[in-house]
Amino acid sequence: MKLKELESCLQQVDGFEEPKILLEQYPTSPHIAGCMLYTIHNTFDDIQNKLVADLGCGCGVLSIGAAVLDSGLCVGFDIDSDALEIFKRNVEEFELPNIDMVQSDICSIGSSYAKKFDTVIMNPPFGTKHNQGIDMQFLKTALSMASKAVYSLHKTSTRDHIQKKTNDWKVKMEVIAELRYDLPASYKFHKKKSVDIQVDFIRFTPT
């Protein structure tokens with residue numbers, strides 16, 4: 001599947017109806033989701049026939065993209081039942097058999113899914129204001145769940161901090177791409193229509 005086809009497919013995925021600020025619910029755009037998944041699939045062969053987890057899946061754009069690219073099974077995890085309801089509707093519209101979802105707090109998954117997945121994909125909360133450090137909690141959980149690789153988006157400004165942590169955890173970190181994440185004004189307190197954030201698309205592998 002070509003990148004443009006994947007992107008146009010992901011444009012059909014419905015997003016958050018009422019995003020929740022405390023959960024940092026920002027949509028992953030079809031463009032960014034498409035670029036991530038296309039690279040994971042074509043460069044690293046970490047989706048097709050693989051068991052994939054999507055942490056903080058929201059309305060399921062990454063999960064649906066992975067399923068469209070023939071993952072063996074993709075399981076989306078999210079704490080928010082409203083987001084999962086939209087995810088469920090999206091899955092029904094796409095008629096995808098290789099997808100499932102679990103309502104769960106990512107930070108308290110613990111060891112129940114240890115190394116149960118080949119690949120973990122995620123666009124975690126960046127850990128602003130109310131949620132400091134949550135991005136690293138997501139990463140730690142993802143690394144405990146993946147036997148092969150974790151793919152994630154992180155603010156470029158946190159790269160040195162993440163590198164230090166992953167060194168401590170004996171995990172290899174590779175910045176695959178630097179992206180501009182266009183945050184639309186989804187909340188009332190946003191003064192600008194949208195704001196660009198520099199983000200790193202990173203691949204983590206156990207050493």
Side-chain angles (χ1 to χ4, degrees), residues 1-15 27-78 83-84 86-102 104 106 109 113-124 135 138-154 162 166 171-179 181 199-207:
M1 182 182 270
K2 292 197 172 77
L3 176 56
K4 278 271 176 279
E5 288 174 74
L6 181 60
E7 264 186 56
S8 67
C9 173
L10 296 179
Q11 272 159 1
Q12 318 302 313
V13 178
D14 290 336
T28 308
S29 73
H31 175 65
I32 283 188
C35 287
M36 286 175 74
L37 294 161
Y38 188 80
T39 305
I40 297 166
H41 178 58
N42 284 298
T43 307
F44 299 101
D45 190 24
D46 276 335
I47 291 181
Q48 193 169 14
N49 299 323
K50 302 290 192 293
L51 196 50
V52 179
D54 173 9
L55 302 192
C57 61
C59 303
V61 67
L62 289 173
S63 292
I64 287 166
V68 165
L69 292 169
D70 291 328
S71 60
L73 176 69
C74 186
V75 183
F77 292 81
D78 205 284
L84 290 175
I86 299 168
F87 184 2
K88 192 164 167 240
R89 286 204 316 258
N90 283 325
V91 171
E92 283 163 5
E93 276 169 36
F94 276 83
E95 298 180 343
L96 293 162
N98 54 340
I99 205 160
D100 206 350
M101 59 198 75
V102 175
S104 172
I106 306 303
I109 282 178
Y113 292 97
K115 303 298 174 203
K116 290 279 193 293
F117 293 88
D118 299 305
T119 308
V120 176
I121 54 177
M122 60 178 186
N123 177 11
D135 53 336
F138 264 65
L139 181 56
K140 198 158 195 181
T141 300
L143 288 164
S144 75
M145 292 168 73
S147 62
K148 293 190 174 166
V150 172
Y151 295 88
S152 185
L153 293 177
H154 296 273
I162 295 170
T166 50
V171 169
K172 185 182 170 210
M173 166 181 159
E174 179 188 355
V175 178
I176 302 169
E178 291 180 29
L179 305 167
Y181 192 98
V199 296
D200 289 344
F201 174 33
I202 308 178
R203 181 178 197 250
F204 300 93
T205 45
T207 50

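- Contact detail for V68 and C9: the closest heavy-atom pair is CG2-SG, 4.0 Å.
- Surrounding NZ of K172 are at most 12 heavy atoms belonging to other residues, nucleotides or ligands under 6.0 Å away.
- The closest side-chain heavy-atom distance from T141 to Y113 is not below 4.5 Å.
- Looking at heavy atoms from C-beta onward, P124 lies out of side-chain contact with L139 at the 4.5 angstrom threshold.
- In this structure, K115 contributes its side chain and A146 its backbone to a donor-acceptor pair below 3.5 Å.
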### Query
Can you list the steps and then say if H154 with D135 is a side chain to side chain contact (heavy atoms under 4.5 Å, CB included)?
CA-CA 8 Å; H154 296 273; D135 53 336; 4.3 Å; yes
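- When side chains are defined from C-beta on, F94 does not count as touching I99, because their heavy atoms never get closer than 4.5 Å.
- Side-chain atoms of N98 come within 3.5 Å of backbone N or O of A67 as a donor-acceptor pair.
- F44 CZ: more than 12 foreign heavy atoms inside a 6.0 Å radius.
- Checking side-chain atoms of D54 against main-chain N and O of C74 turns up no donor-acceptor pair under 3.5 Å.
- Within the 4.5 Å cutoff, no side-chain heavy atoms of I176 are placed close to those of M36.
- A donor-acceptor pair is defined here as one N or O able to donate and one able to accept, closer than 3.5 Å; no such pair exists between the side chain of S71 and the backbone of Q48.
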### Task
Go through the steps to decide whether M145 and V150 satisfy the test side chain to side chain contact (heavy atoms under 4.5 Å, CB included), and finish with yes or no.
CA-CA 9 Å; M145 292 168 73; V150 172; over 6 Å; no
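- Within the 3.5 Å criterion, the main-chain N or O of M173 finds no donor-acceptor partner in the side chain of T166.
- Side chain of S8 to backbone of E5: a donor-acceptor contact under 3.5 angstrom is found.
- Aromatic ring pairs are classed by plane angle as parallel below 30°, tilted from 30° to 60° and perpendicular above 60°; the pair F201 and Y151 is tilted.
- Under a 3.5 Å cut-off, the side chain of D78 and the backbone N or O of C57 do form a donor-acceptor pair.
- Within the 4.5 Å cutoff, the side chain of M122 has no heavy atoms near those of the I106 side chain.
- D46 places none of its side-chain heavy atoms less than 4.5 Å from the side chain of D118.
- Counting all heavy atoms, side chain and backbone alike, F77 lies closest to A53 at CE1-CB, 4.0 Å.
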